[in-house]
Amino acid sequence: MKQQIAQLLESALQTLKEQEVIPADIAPSIQVENTRDKAHGDFATNLAMMLAKPAKTNPRALAQQLCDALPESNVIDKTEIAGPGFINFFVNDSAIYSVIGDVLEAGHEFGRQRVDTANRVQVEFVSANPTGPLHVGHGRGAAYGATVADLLQAAGVNVEREYYVNDAGRQMNILAVSVWLRYLENQGATLVFPANGYQGEYIKDIAADLASRCGDSLVRTIDEVFADIPADEPAGGDKELHIDALIERAQTLLVDDYMQVFNAGLESILADIREDLGEFGVEYQCWFSERSLTSSGDVDQALERLQQSGHLYEKEGNLWFRSTDYGDDKDRVVRRANGQTTYFASDIAYHMNKFERGFDKVINVWGADHHGYITRVKAAISALGYDPERLVVKLVQFAILYRGGERVQMSTRSGSFVTLRELRDEVGNDACRFFYVTRKADQHMDFDLDLAKSESKDNPVYYIQYAHARVCSVLRKLESEGMSWDEAAGLAALERLDTEAERDLVTALGKYPETLQNSAHNFEPHVLANYLRDLASDFHTYYNGHKVLIDDAQLRNARITLSVAVRQVLANGLQLLGVSAPEQM
RNA sequence: GCGCCCGUAGCUCAAUUGGAUAGAGCACUCGCCUUCUAAGCGAGCGGUUGCAGGUUCGAACCCUGCCGGGCGCGCCA
């Protein structure tokens, strides 16, 4: 519809150019927008205001000339000039109402675009370190990333979802030591658990599991383990030195068996994360291992490429990347004097790998606390010769939980953080998914647990689902009353839907496809969430004032047809948000 | 100190990316069940968009400077 109007305007523009009202050499981008207020018609353009200056006339006069030059159209009822020079378009009802037939014909495909396989986009999200269960902060990234990916797919993008598994590095070694020490306890040893170790109960479960698989083959005496280890923090020492020494000791004592312990921790936690996300409706096409970047040679290759192009230099034995060439605050070390590559080096290799895999665009969903990394990663991408615009980083702020009006305190240290699983158990997957994406991602959000759990109109999830269930209910009632619905008759009688509420509802349906597109391409799921709430509201208003199951068969068929179309759009939208559309509540 | 993000109704948030009179929900006040689910609907109340300038036909949005809040500034991950 917008395109049709834009074409009419284009034609009018040409006419005025020929009449030399408007200079021939300007080519404005014609903007047709939805009106905010229906008193302004259905669509509006600001064209006259944009052209008034070059045409050396006032906007309203030019608007009139544009209107006069508009070709005849069977879609437009009338145009009006309003405000400072807007041209408002009033579309005739049959054009507006045709969307109902479109919805019913397309069904669950309505609003979706066919996937263009040439346009490959990767969405990487969550990517939490596999050192413990996901918490509510990861949950928001999961809901956001999954929804963005689904939206893009619906918008016709060939999407691949990926989880970057940080299965290398010091944190993972700390996890391995934590598991091993709990295993030793499980095998009867008494020891003081390191302050910097992973304290959670889940470590004990992994240790017990390890014990049942390996028996006592991994047992070493406490004297061996702790001999000459520097004191831990509670004993007046340094917790970092303490844990690092324990890591080294574990590797020395266990030799090849160390990796068995290491992998026991990694695999168990990864399996848990995978299951957790699966239950949350989040699936990945690829779980990408950080370790694989080293074994495949990608890290070496990436550094080699940077070396070749002159972006690396050595200083004090360390190898540095000159990221300051690309606006970074300081240069960054990629390989330490001891030969170890840094985490950043892995990140460089990882992004090189992504582009080498042929993705046109790469979207990273990061916690907002990682924003400092954007500059250096983009710098590396540029230095490797890729267009940094092909990487889009979306930052997700943390959600603050409230229960009973009180902020739920969370801290990793005390182990009192709330896991995603606990949250899902408490409020349900539907409310979780919806609440997480109902606010802009880069905005702090307050997550009201009581509201998410409440089964009332205050809860937007229930509110939308209820609208869907209501239509289902009407259809059930229809059947039990022995009445029937004739879709063709309904479509033929749409002109009977002549009340204001009905026209509003149909207009809302017509906005679904573009809402979906905007929501997808701007990576803003909240736009769709808000739309669905508004659509549900329009339907509730309609439902309250219009009885559907009436004796007038023609009007009844038309109203059912409209209701079913609304149900379809609600279902389509909810599905994209990962929320169920119940038939009964 | 430097860098990034944010500041909108009493509260939680929108605002089609520069458009018309800044909108919803909650809270508060008042109405609506003999009707397909009241898990619903309607009406009212509520604003100097943190402050001050600037850019233009037009600013919550763009620019500058303040004020206030968050985060980041390791060879950690």
Categorize [X] for me: base, sugar-phosphate, or nothing, with a 4.0 angstrom heavy-atom threshold over every strand shown.
{"X": "A/M445", "result": "sugar-phosphate"}
{"X": "A/K511", "result": "nothing"}
{"X": "A/H521", "result": "nothing"}
{"X": "A/A529", "result": "nothing"}

Ignoring hydrogens and angles, write down the donor-acceptor pairs under 3.5 Å from the side chains of residues 241-248 of chain A, residues two or more places apart or on other chains.
from: A/H242; atom 1: ND1; to: A/P230; atom 2: O; distance (Å): 2.7
from: A/D244; atom 1: OD1; to: A/R170; atom 2: NE; distance (Å): 2.8

- Query: What would the secondary structure line of RNA chain B be in dot-bracket form, counting Watson-Crick and G-U wobble pairs under 3.5 Å, with [ ] for pairs that cross earlier ones and | for pairs with another strand?
  - Reply: (((((.(..((((.....[...)))).(((((.......))))).....(((((..]....)))))).)))))....
How far does the [atom1] atom of [N] sit from the matching atom of [M], given to the nearest Å?
{"N": "B/rA59", "M": "B/rU21", "atom1": "P", "value": "10 Å"}
{"N": "B/rU48", "M": "B/rU8", "atom1": "C1'", "value": "12 Å"}
{"N": "B/rG1", "M": "B/rC28", "atom1": "C1'", "value": "47 Å"}
{"N": "B/rG25", "M": "B/rC41", "atom1": "P", "value": "8 Å"}
{"N": "B/rG44", "M": "B/rA24", "atom1": "P", "value": "11 Å"}
{"N": "B/rA77", "M": "B/rA14", "atom1": "P", "value": "36 Å"}
{"N": "B/rG10", "M": "B/rA52", "atom1": "C1'", "value": "27 Å"}
{"N": "B/rC61", "M": "B/rU55", "atom1": "C1'", "value": "14 Å"}

- Task: Enumerate the residues from residues 548-562 of chain A whose closest heavy atom to RNA chain B is under 4.0 Å, giving them by residue number; use none for an empty result.
- Result: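 Only A/V548, A/L549 qualify.
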Is it true that [X] and [Y] make a salt bridge, defined as a side-chain N closer than 4.0 Å to a carboxylate O?
{"X": "A/R322", "Y": "A/D328", "answer": "no"}
{"X": "A/K38", "Y": "A/E500", "answer": "yes"}
{"X": "A/D167", "Y": "A/R291", "answer": "yes"}
{"X": "A/E583", "Y": "A/R476", "answer": "no"}
{"X": "A/K78", "Y": "A/E80", "answer": "yes"}

- Query: Can you find a side chain N or O atom of A/Q443 that sits less than 4.0 Å from OP1 or OP2 on B/rU12?
  - Reply: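 For B/rU12, OP1/OP2 do not have a side-chain N/O of A/Q443 under 4.0 Å.
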- Any side-chain N or O of A/Y543 under 4.0 Å from OP1/OP2 of B/rG42?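 False: A/Y543 side-chain N/O out of range (4.0 Å or more) of B/rG42 OP1/OP2.
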- Task: Choose from B/rA39, B/rC36, B/rA14 the nucleotide whose nearest atom is closest to any side-chain atom of A/R439.
- Result: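 Comparing B/rA39, B/rC36, B/rA14 against the side chain of A/R439, the answer is B/rA14.
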What residues, two or more places apart in sequence or in another chain, satisfy salt bridge (charged side-chain N to carboxylate O under 4.0 Å, His left out) together with [X]?
{"X": "A/E316", "value": "none"}
{"X": "A/D448", "value": "none"}
{"X": "A/K547", "value": "none"}
{"X": "A/R559", "value": "A/E502"}

- Geometric class of the A/Y512/A/Y531 ring pair [parallel <30°, tilted 30-60°, perpendicular >60°]: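 Geometry flag for A/Y512 against A/Y531: tilted rings.
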- Query: Stepwise, does the side chain to side chain donor-acceptor pair (under 3.5 Å) test hold for A/W366 with A/S127?
  - Reply: CA-CA 9 Å; A/W366 286 351; A/S127 300; over 6 Å; no
- Would you indicate whether the side-chain heavy atoms of A/N129 and A/V165 approach each other to under 4.5 Å?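 Not in contact.
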- Message: Is there a side-chain contact between A/D42 and A/R503 in this structure, where contact means two heavy atoms from C-beta onward sitting under 4.5 Å apart?
- Response: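 The answer is yes, as the side chains (C-beta and beyond) meet within the 4.5 Å cut-off.
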- Message: Taking side chain to side chain contact (heavy atoms under 4.5 Å, CB included) as the definition, give me every residue that meets it alongside A/R36, ordered by chain and number, with sequence neighbours left out.
- Response: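 With sequence neighbours excluded, A/R36 shows a side chain to side chain contact (heavy atoms under 4.5 Å, CB included) to no residue whatsoever.
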- Select from A/R170 and A/K547 the residue whose nearest nucleotide in RNA chain B is closer to the 5' end of that strand.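 Mapping each residue to its closest nucleotide by heavy atoms, the 5'-most match is A/K547.
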- Classify the glycosidic conformation of B/rC63 as syn or anti, calling it syn when the angle lies within 90° of 0.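 It is anti.
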- Task: Would you classify B/rU48 as syn or anti? Syn applies when the glycosidic angle is within 90° of 0.
- Result: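 Here the answer is anti: the torsion falls beyond 90° from 0.
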I need the [atom1]-[atom2] distance between [X] and [N], as an integer number of Å.
{"X": "A/Y436", "N": "B/rC13", "atom1": "OH", "atom2": "P", "result": "15 Å"}
{"X": "A/D328", "N": "B/rC2", "atom1": "CG", "atom2": "P", "result": "18 Å"}
{"X": "A/F434", "N": "B/rA39", "atom1": "CZ", "atom2": "C1'", "result": "15 Å"}

Sequence neighbours left out, cut at 3.5 Å: what donor-acceptor pairs do the side chains of residues 370-378 of chain A make with other protein atoms?
from: A/K378; atom 1: NZ; to: A/P388; atom 2: O; distance (Å): 3.1
from: A/K378; atom 1: NZ; to: A/L391; atom 2: O; distance (Å): 2.8

- Going 5' to 3' through nucleotides 15-23 of chain B, assign each nucleotide B (protein heavy atom under 4.0 Å from a base atom), S (under 4.0 Å only from sugar-phosphate atoms) or - (no protein heavy atom that close). SBB-BB---
- Message: Can you build the contact string for nucleotides 69-75 of chain B? Use B for base contact, S for sugar-phosphate-only contact, and - for no protein heavy atom under 4.0 Å.
- Response: -SBSSSB
- Message: When you compare the side chains of A/N196 and A/E240, does any donor N or O come within less than 3.5 Å of an acceptor on the partner?
- Response: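 The answer is yes; a qualifying pair exists.
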Atom pairs under 3.5 Å: protein N/O with N/O of nucleotides 24-31 of chain B:
from: B/rA24; atom 1: O2'; to: A/R533; atom 2: NH1; distance (Å): 3.4
from: B/rA24; atom 1: O2'; to: A/R533; atom 2: NH2; distance (Å): 2.1

- Compute the ring centroids of A/Y144 and A/F523, then answer whether they are less than 6.0 Å apart.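 No - the distance between ring centres of A/Y144 and A/F523 does not fall below the 6.0 Å cut-off.
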